[in-house]
Amino acid sequence: MFEHLLAVSAGAASSAEAVMAGPMAGINYSVLFGAFAGAVYYVASAADLRLIVRAAYFLVSWIVGVFGSGLAGSKLEQLLGYTDRPLDGLGAVLLSALAIKTLTFFTEQDPGAWLARLKGGFHGHK
């Protein structure tokens, strides 16, 4: 229960900071909240991870979503052919969720098995 309260408090604090600092820095709110939503996507449901690991996942995916939103939004505009409004917020959501999935994929892997494959070992046998 305490962990959920802490996660909600951290989210409220980061949202309040974004609301206050946004106009001064010229930051797009849709990007900030899109990256937040994409980062919360997995972190809120991952109860089996320690709190510090979830916080690190959240922070990394939020940063990836914010800084990669421009590129992802322009690629989405090209792919979908939609030019009425910028799709940077949607790009932030998708990149943040993709960053979380990538982080979990790499943490679940066994580096010894990958190195053995590179050296030419295992060949499907253990």
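Quick note: residue numbers are just sequence positions, from 1.
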**Asked** Is Phe67 atom CZ crowded by more than 12 heavy atoms from other residues, nucleotides or ligands, each under 6.0 Å away?
**Response** no
**Message:** Tell me if a side-chain donor or acceptor on Ser96 pairs with a main-chain N or O of Gly38 at a distance below 3.5 Å.
**Reply:** no
**Asked** Are side-chain heavy atoms of Val66 and Leu95 found at a separation under 4.5 Å?
**Response** no
**Message:** Check this for me: Ile52, atom CD1, are more than 12 non-hydrogen atoms of other residues, nucleotides or ligands nearer than 6.0 Å?
**Reply:** no
**Item:** Remaining members of the apolar cluster that contains Leu79, side-chain heavy atoms under 4.5 Å
**Value:** none
**Message:** Using side-chain heavy atoms (C-beta onward) and a distance below 4.5 Å, is Leu32 in contact with Trp62?
**Reply:** yes
**Prompt:** Shortest non-hydrogen contact from Arg85 to Glu77?
**Reply:** O-OE2, 3.8 Å
**Asked** Linking I/L/V/M/F/W/Y whenever any side-chain heavy atoms sit under 4.5 Å apart, do Val64 and Leu71 land together?
**Response** no
**Prompt:** So, for Thr104 and Thr107, which heavy atoms are closest and what is the spacing to 0.1 Å?
**Reply:** O-OG1, 3.0 Å
**Request:** Indicate the atoms forming the closest heavy-atom contact of Ala92 with Val31, along with that distance.
**Result:** CB-O, 3.6 Å
**Request:** State, to 0.1 Å, how close Val43 and Tyr57 come at their nearest heavy-atom pair, and which atoms those are.
**Result:** CG2-CB, 4.3 Å
**Complete:** Ala72 and Gly91 have their tightest heavy-atom pair at CB-CA, 3.7 Å
**Leu87 CG to Ser74 OG distance, which is reported to the nearest 0.5 Å** = 9.5 Å
**Prompt:** Below 4.5 Å, heavy atoms only, C-beta onward: do Leu90 and Leu94 meet side chain to side chain?
**Reply:** yes
**Message:** In this structure, would Leu76 and Val93 fall into the same cluster of hydrophobic residues linked by side-chain contacts under 4.5 Å?
**Reply:** no
